Structure formats: C-alpha cells, structure tokens
Amino acid sequence: MSSITNLLADLAAGKIKVVDLTQPLGPATPVIDLPPIFAPSPGLTISEISRYDDKGPAWYWNTLTLGEHTGTHFDAPVHWVTGKDLPNNTTDTLDPASFIGPACVIDVRAEVAQDPDFLLSIEGVKAWEAQHGQIPAGAWVLLFTGWASRGNDKAAFLNADAEGPHTPGFHQTTSEFLVKERDVLGVGVETIGTDAGQAGKFNPPFPNHGIMHGAGKYGLASLRNLDQLPPTGALLIAAPLKIVDGSGSPVRVLALAPA
Ligand code: MN
C-alpha cells in the first residue's frame, strides 16, 4: 500500500483528524490598522448578486471586496520589499509543493499571558527543540500564543493603546535563526500579522516580514485552533488563491493530525 492509501484509510478510520486552522471570514473579521500616513487594507464586504430571485431565480452568489491580507491569510515573499526581486515570489508562481509541510507548534501561552509584547527568542526555540526535536527544514513554525481566544473582537484582538498595538511575535534574531539555521517554510501566528504589534518601531521595522520574505519564506496570520495540534507530528496545508501577481490571499489552512 502506498502512504497515500494508508493515509486515506487512517482518515476513514478516524485515526487522523482534519483540523481547520482558519478564522471565519466575514465583514466583522478584524484587519490590521496602519498609521494613517499609510493606505489602509480594507476588510471584507459582501454584496449579493442574486439569491433565488429576479436577479437569478435558481442561484445564490456574492461579490467580495477585500484586501489580500484579510482574516486567516498567506503572505507571499513579494509582499515585502525584501522579497520583491526573488523568482517565483507571487501567489500564482510559488511552487505548490511548498504549500505543504510539517507543523512545529511552539506553545508560548504562559509567556504571552504575562506580556502581550512577548517576543520568541532563539533560546525559546532551542528549549522547545530540546523537548520535541530539531525543527526540520521545510517546516511551518506556528507561534501558539492563545491569541485566537480573543475572537473577532477587534479591540481585544488588536490590543492597541496610545503606543500602538500590543501583540506577540518573533525576536528579529529568531526570524534570522529560523531562516538561516532551520530553513523553515515560514511562520504562522494567531495574531493579525507575523510581526509583533510594536514591530513598526523596531530597527529595522517589521523584521520578521523583512527577514522571512527576503529569504523566500512565507507567513500565515490569524490562525485558529492551534490548541488542537500536537507540538510535532501534524501536516499543514496552506495554499493561497492563485492570484496573478498576488502578494497573498485569504486561505483555508488545514492540518492533518493524529486523532
Ligand atoms: Mn499579511
């Protein structure tokens, strides 16, 4: 039997579960707030084309308007200026084989509960590896912060004050380590973006975006249900829409994990 035959048999037998890591996508889904000097990315608006009525008696469908980076979404390397000249860096040209990889889930809920500006350090990664093994090349590294429990409440989710948003992320040196020493596929977070809330003030600003995308790596934001994944042993699938010259897209992120 091939491994796919075995996988399908295990799925049918309930030995493997499919975990949906996706936030529901609706008009209330929070989107990132940038300082007003920058152009904002719109959230989702839905307008009905027809719903079994005069405009379409037997069919229902909608028109969507949204920024590419809305809700649970994929960041392609071209999203950041550091990745703009890489080959095959857009949603339509990325290698589809790279949308699938092992998930390494790093639980930092306790640290984030103490400090919403928590940044994962290299030491934190190595402590995780001492317990769970080295992060393999081509892995998705998922930062399990517990942030998804804040739901669709924009104020709680963005957690901003006069200083700007306070949400966790990766220390710049950690992003460099994950790229250079672990050759990850990318990183995924529960928050609105793959950089910490205060990262606009870091030097350089938004270092995780700059480092990951400059190295051709990906980002996943606004993930849910990371509590349903083991630290290792799950397979993650995150395939963006094949938007021509797209910088990212909303995505249905699925994980296969032992039941
Ligand atoms: Mn994004």
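Counting starts at 1 for both ligands and their atoms, in listed order. We're numbering straight along the sequence, starting at 1. Keep in mind the model is a prediction, meaning the values are calculated, not measured.
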Glu190 with Arg109: basic N within carboxylate O range, under 4.0 Å
no

Within the structure provided, determine whether Val141 and Ile135 are in side-chain contact (heavy-atom separation under 4.5 Å).
yes

Tell me whether His213 contacts the main-chain N or O of Lys217 through its side chain, where contact means a donor paired with an acceptor under 3.5 Å.
yes

Tell me the protein N, O or S atoms under 2.8 Å from the Mn ion (ligand 1), in chain and number order.
His69 ND1, His73 NE2, Asp75 OD1

For Leu185, the rest of its hydrophobic cluster, which grows through side-chain links under 4.5 angstrom
Val19, Leu21, Phe74, Leu94, Phe99, Val105, Trp140, Leu142, Phe144, Tyr218, Leu220, Leu223, Leu226, Leu229, Leu236, Val251, Val253

Can a donor-acceptor pair be found between the side chains of Asn159 and His166 at a distance below 3.5 Å?
no

Should we say atom NZ of Lys201 is surrounded by more than 12 heavy atoms from elsewhere, each under 6.0 Å from it?
yes

